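A short write-up of the structure that comes next.
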Amino acid sequence: MSNAGEIPREEGIDHSLSLIREGYRYILNKRRSFNSDIFETRLLGKKAICMGGKEAAELFYDPKKFKRKDAAPNRTIQTLFGKNGVQALDGQAHKHRKEMFMSIMSPEALIRLTDITKKQWGLAAAKWEETDKAILYEETKEILFRTACEWAGVPVQVSEIKKLTSCFGAMFESAGAVGPKHWKGRNARNNAEKWMKELIEEVRQGTVNPPENTALYRFSWHRELDGNLLDIEIATVEVINIIRPIVAIAIFINFIALAVHHYPEERENLQIGDENYVEMFIQEVRRFYPFFSFVVALVKEDFIWNGYQFEEGTLTLLDLYGTNHDPKIWDNPDVFNPSRFTNWQESPFAFIPQGGGDYLGGHRCAGEWVTIEVMKVSLNFLVNQITYELPDQDLSYDMVSIPSIPHSKIQIENVKLRM
Ligand code: HEM
């Protein structure tokens, strides 16, 4: 018997539909109405705990309290994650696999990545000068797919680029989808895995030879804790775990373009080349705009936190969007204001667009530095290297589709390279 109090509970048989209808704001709305950072509900027929805020994030990222094995729903594994990837590991197995990811994130590797990104933006923009209009979101995905493959040492035939860009996009675009979009995501994953598995086989046979500092090389030759080469299906999932999210940075880059359009006064600050301001602007884009709404884990074993009982096996959701818009952490959280980061006391649990906590000891996004660097290059390109116009279009984005993308996908026209 414990003396634990009751977690505020949302009454009713199941609230999966509310989660779908309220999207990014579901957990935040309920936290407000319960006046509590934690509440209990029922999702997909099961009891679930939802929580948000800094303290909740600290708890969620304690590996003694939560585990990831069997936490993600099958539909997410079939589209976004893939089977048996780093996301589903715990303890030593997770640390060993995460070291493999972090080993390709050295400062030199990030410089190589920014150089490739700059080159790909230049090639794409030269092409846009010759056309009437371009859809920025679609173009950015292709720029990033080409960038990701070159950086990861993955050879790709020019004739395959459009089809594969679309496959890699569909894997994250279907992250919160049901119905045909979900099936498109599954199909995309099957195609991408088939392509990648053949490449890894060729690396292991010596017929494809990527540079040693690349993901394709390192992951193909990675050994598990037992000394065996990583299972080829898993190596496939993990190389895709590098390329897919780099393509997904297209979403943040589109929000950069949107922010520059909606807040034209920012353009001047960004054009004077103040690196600190550029960084603050990028942090604010990652905080303000919606991307992934929450992350999930299972309670590892019974424990009590702040007087509340957590029972082993309970599905727990940590609110990423809501924590980044938590008024206890952020002044006027619904105002876009890069200057809020001027004297910001960095905390790995308060600002969590890509998860929180520690990289090696926890599940925080392995590609956060990659994301920031690619965003910096892209921002500089959009603001300083080209001029363009936005014709009339629907630039709104909804707070329900996960991930949310501006409805028009941002059409640009009259693109000119600056001299
Ligand atoms: C596009 C912007 C991105 C967003 C919004 C994003 C977001 C996230 C989130 C929310 C997580 C889960 C954190 C958790 O489970 O607690 C995550 C994990 C991960 N991300 Fe990202 N990410 C992005 C870009 C990237 C990039 C560019 C890479 C690789 C180059 C990457 C690789 C990973 C990996 C491997 C994991 C699993 C980490 C683990 O389970 O230990 N992500 N990301």
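Just so it is clear, the model here is predicted, and its values are computed rather than measured. First listed ligand is number 1; within each ligand, the first listed atom is number 1.
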Where's the contact between His94 and ligand 1, heavy-atom distance under 4.0 Å: side chain, backbone, both or neither?
-> side chain
Under a 4.5 Å cut-off applied to non-hydrogen side-chain atoms, are Glu55 and Asn306 in contact?
-> yes
Between Glu238 and Asn241, a side-chain donor and acceptor under 3.5 Å | yes
Do you see a donor-acceptor pair shorter than 3.5 Å between the side chains of Arg286 and Gln283?
-> yes
Answer yes or no: is there an ion pair linking Asp326 with Arg31, defined by an N-O contact shorter than 4.0 Å?
-> yes
Please indicate whether any nitrogen or oxygen in Asn241 is less than 3.5 Å from any nitrogen or oxygen in ligand 1.
-> no
Does any N/O atom on Trp151 come nearer than 3.5 Å to any N/O atom on ligand 1?
-> no
Nearest neighbour of atom 16 (O) of ligand 1 from the list Tyr61, Tyr289, Phe101, on a heavy-atom basis = Tyr61
Classify the contact between Val370 and ligand 1 as side chain, backbone, both or neither, using a heavy-atom distance cut-off of under 4.0 Å.
-> side chain
Quick one: does Glu238 get within less than 4.0 Å of ligand 1, heavy atoms only?
-> no
Arg364 N/O under 3.5 Å from ligand 1 N/O = no
For the residue pair His222 and Arg218, confirm or rule out a side-chain donor-acceptor distance under 3.5 Å.
-> no
Of all the atoms in ligand 1, which lie at a distance below 4.0 Å from a heavy atom belonging to Phe291?
-> 1 (C), 2 (C), 5 (C)
Could you tell me whether a side-chain N or O of Asp14 sits under 3.5 Å from a main-chain N or O of Leu44, the two making a donor and an acceptor?
-> yes
May I ask you to identify, for Leu320, whether its side chain, its backbone, both or neither come under 4.0 Å of ligand 1 on a heavy-atom basis?
-> side chain
Could Glu284 and Arg340 be called an ion pair, given the rule that one side-chain N must be under 4.0 Å from one carboxylate O?
-> yes
Which residue supplies the protein heavy atom nearest to atom 15 (O) of ligand 1, what is that atom called, and how far is it?
-> Arg68 NH1, 2.7 Å
Verify whether the ring centers belonging to Tyr61 and Phe66 lie closer than 6.0 Å.
-> no
State whether Lys95 and Glu99 are salt-bridged, where the test is any N-O pair (Lys NZ or Arg NE/NH1/NH2 against Asp/Glu carboxylate O) under 4.0 Å.
-> yes
Please work out whether any backbone atom (N, CA, C, O) or any side-chain heavy atom from C-beta onward of Val295 is under 4.0 Å from ligand 1, and answer side chain, backbone, both or neither.
-> side chain
Would you mind checking if Lys409 and Glu138 are paired as a salt bridge, meaning a charged N to carboxylate O distance below 4.0 Å?
-> yes
Nearest neighbour in protein (non-hydrogen) for atom 13 (C) of ligand 1 = His363 O, 3.2 Å
Sorted by chain and residue number, which protein N/O/S atoms are under 2.8 Å from atom 21 (Fe) of ligand 1?
-> Cys365 SG
List the atom of Phe34, the atom of Pro8, and the distance in Å for their closest heavy-atom pair.
-> CD2-CB, 3.8 Å
With respect to Tyr24, which candidate in Phe288, Tyr321, Tyr289 satisfies the ring pair (Phe, Tyr, Trp, His ring centres under 6.0 Å) definition?
-> Tyr321
Measure the distances from the heavy atoms of Gly362 to every atom of ligand 1 and state whether one is below 4.0 angstrom.
-> yes
List the closest protein heavy-atom neighbour of atom 37 (C) of ligand 1: residue, atom name, distance to the nearest 0.1 Å.
-> Val86 CG1, 3.8 Å
Is Asn228 reaching over with its side chain to a backbone N or O of Glu224, donor-acceptor style, under 3.5 angstrom?
-> no
